[in-house]
Amino acid sequence: VRLGRKNGRYLYLALSALGLAIAAKLSIYTLVGVPLWMLSAWHGRNTWDTPRLFIPAVKHIVQCYAVTTTILAIAVALR
């Protein structure tokens, strides 16, 4: 199903929020990624129609996933 850029941004935000919520359920320390998610959401909301300007949104969500995954891996390793 083709969503297009405008509706695709809602799917992008929903899936990233779901991933962050699942990680937070497993370890509270993964909430450190929330500010990066919020930056990504802000950039995505404001620049969804211009692919080149959307790059910071992608950069912030990748950083959010990296931080969250690292903290989650450390938390699991220390259990």
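All heavy atoms count here, side chains included; hydrogens, waters and symmetry mates do not. Fair warning: this is a prediction, and the values are worked out from it, not measured in the lab.
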Residue pairs passing the side-chain hydrogen bond (donor to acceptor under 3.5 Å, both in side chains) test with at least one member in residues 67-78, sequence neighbours excluded, are none
For Gly44 and Ala57 the tightest heavy-atom approach is N-CB, 3.6 Å
Tightest non-hydrogen contact, residues Trp37 and Ala17, listed as NE1-N, 3.5 Å
When rounded to the nearest 0.5 Å, the distance separating CG of Leu36 from OG of Ser16 is 11.5 Å
For Leu3 and Asn7 the tightest heavy-atom approach is O-CB, 3.5 Å
Would you kindly confirm whether Leu72 and Ile61 end up in one hydrophobic cluster when ILVMFWY residues are joined by side chain heavy atoms under 4.5 Å apart?
no
- [ ] Flag yes if Val62 and Leu13 sit in one hydrophobic cluster, no otherwise; membership is Ile, Leu, Val, Met, Phe, Trp, Tyr, and two members link when side-chain heavy atoms are under 4.5 Å apart.
- [x] yes
Cluster question for you: counting only ILVMFWY and a side-chain heavy-atom cut-off of under 4.5 Å, with indirect links fine, are Ile74 and Ile22 together? no
So side-chain hydrogen bond (donor to acceptor under 3.5 Å, both in side chains) across residues 38-47, not counting sequence neighbours, yields Tyr12-Ser40
Do Val67 and Leu31 sit in the same hydrophobic cluster, where Ile, Leu, Val, Met, Phe, Trp and Tyr count as joined when their side-chain heavy atoms come under 4.5 Å apart? yes
Note to self: Between Leu39 and Leu53, is there shared hydrophobic-cluster membership here, with clusters defined by ILVMFWY side-chain heavy atoms closer than 4.5 Å?
What the structure shows: no
